[in-house]
Amino acid sequence: MALTRLTERSAGLLPSGAERWWLWPTALWLVSRLISTAFLVAFAGRQEQSSWTPAGPGLLDYSTMWDAHWYFIVSVAGYPSELPLDDDGHVGENAWAFMPVYPMVARLLMAVGLPWEAASVLVSVAASLAFALVAYRLFADIAPGRERFALALVLLSPTAPVLQLGYAESLFLLLLAGALLAWRKRAWPWLWGLLPVLSLTRPGGLAFALALGLWFLIRLSRDRAEFPAAERRMLVGLGVWSALWGFGWLIACTLVTGSTTAYVETELSWRSAYIGRQELVPLTPWPIGLEWWFGPWWPLWLVGIVAAAVALLAGPWRRGVALEPRLWTIAYLLYLAAVWFPQSSTWRLLMPIFPAAAMVAALRPTWARAALLAACIALQPVWIWFCWHVNGADWTVP
């Protein structure tokens, strides 16, 4: 154990002092989980019979609805070699939309006797605690003095209940926080190892490659003399590595099914319920989606969304926050802009920009901070009601 801690400290991933630094993030994690659990229990008791549960299900059953069932299918049956087709001959919804790391970790627990519901939730809860610890270290590094409030914003955010549901978000956020911390600490061996696992947990490899590319260009323009050729080659290699794994699941789907379009068509099947079957053209899903939601007012919504993102990333509150997590936030938002169709899952898909909480944490005075946290907590049951709770013929996929 002593040797392990020494090795980790040598990589800069653990603090050299303050041996009890973990107490605050652990306590905050515990409080946040108690709050989210209370909301989930209250809603579970009011849940009517659905496709996933009987009326009034227990907490574990209520926590493994929706896409958690797809992860269950992956954990017990793997992925199909023949894709299902709808009546029009298009690829239908299938397990290839769900990456393998999370369900395979849960399957390890199932192998020792845990049912899927307990195994999947246990993985998410354990990963959320580990994420809280790593994210706290990341915030302390990228925005010293803001780490407590920034972590509180993330753990108490409106979508925070998903951190303990049967979804891959907790595990992905843990891996992402570790990758960002390794990037900040220049712990390159960790980054080489984390990027493949991250990319096979949730989509993120392409955005990370873009973030590394932006950082490469900025360093090249700012301090060429302090950017040695060996480090340039290493960064290019990491970017290519991340991009390769970003396409890794698409390649795996192609090899198993024999179709180069299988993965993209699988993803498109989910949005076809809204807009019918359309080709994926980068940067068009948001205009198409906003027009579907808001009709002729969609340009105003698009301008407002872009303005809000620019204000967050370019406003004075960015000062005091390190460059690397800001570049990740920009890259991930560009990735969503390129491929994501806006729907009720968007709120959950925004969780990987959690480093932006370090910018919001510049908020003053104290009463404004307290009001923001109170609003975050108050919006948790709103998210559960509109995105998780099943209300009849419900299409608000969380």
Side-chain angles (χ1 to χ4, degrees), residues 65-67 70 90-93 96-99 154 157-163 165 167-169 172-173 176 202-207 210-211 246 250 263-314 328-357 360 375-376 379-380 382-391 393-398:
M65 301 191 303
W66 296 100
D67 287 348
W70 282 109
H90 297 298
V91 174
E93 298 176 359
W96 281 104
F98 303 91
M99 293 180 170
V154 176
S157 66
T159 56
V162 81
L163 295 175
L165 301 178
Y167 274 46
E169 264 61 30
F172 178 74
L173 292 178
L176 175 60
R202 293 278 307 153
L206 294 179
L210 177 57
L250 183 152
Y263 178 71
V264 173
E265 290 182 6
T266 293
E267 291 289 354
L268 290 176
S269 66
W270 260 267
R271 68 185 64 175
S272 65
Y274 298 87
I275 58 175
R277 182 67 59 159
Q278 296 188 16
E279 297 297 322
L280 175 61
V281 179
L283 298 178
T284 63
W286 278 83
I288 293 172
L290 292 176
E291 184 177 17
W292 188 88
W293 286 100
F294 303 111
W297 297 100
W298 74 266
L300 294 179
W301 281 92
L302 183 61
V303 170
I305 291 169
V306 172
V310 171
L312 173 65
L313 295 166
W328 158 256
T329 301
I330 293 170
Y332 185 75
L333 289 177
L334 288 174
Y335 169 78
L336 289 185
V339 302
W340 178 249
F341 176 85
Q343 53 182 282
S344 48
S345 299
T346 303
W347 308 111
R348 174 173 58 88
L349 268 289
L350 288 173
M351 293 186 78
I353 66 167
F354 76 89
V360 182
C376 286
L379 286 172
Q380 286 193 31
V382 174
W383 181 85
I384 295 172
W385 174 253
F386 283 103
C387 294
W388 187 260
H389 200 73
V390 182
N391 299 293
D394 202 328
W395 52 270
T396 56
V397 181

Legend entry - Spacing of I305 atom CD1 and W286 atom CH2 [to the nearest 0.5 Å]: 5.0 Å
Legend entry - For the student: nearest non-hydrogen atoms of A357 and V154, plus distance: CB-CG2, 3.8 Å
Inset, instruction - Supply the atom-to-atom distance F341 CZ to L349 CG, rounded to the nearest 0.5 angstrom. - result: 13.0 Å
Inset, instruction - Identify the heavy atoms of P352 and L176 that sit nearest to each other, and give their distance. - result: O-CD2, 3.5 Å
Inset, instruction - Mind listing the closest non-hydrogen atom pair of W270 and A97 along with its distance? - result: CZ3-CB, 3.6 Å
Inset, instruction - Determine whether more than 12 heavy atoms belonging to other residues, nucleotides or ligands lie under 6.0 Å from atom CH2 of W301. - result: no
Inset, instruction - State, yes or no, whether a side-chain contact exists between R348 and D67 at a heavy-atom distance under 4.5 Å. - result: yes
Legend entry - W297 atom CH2, over 12 foreign heavy atoms within 6.0 Å: no
Legend entry - Full working for ring-ring contact (aromatic ring centres under 6.0 Å, His included) between Y167 and W388: CA-CA 12 Å; Y167 274 46; W388 187 260; 5.5 Å; yes
Legend entry - Donor-acceptor under 3.5 Å (S344 side chain, V397 main chain): yes
Legend entry - Inter-residue atom distance W340.CH2 - L333.CG, 0.5 Å rounding: 14.0 Å
Legend entry - From CG (L163) to CG (L173), nearest 0.5 Å: 6.5 Å
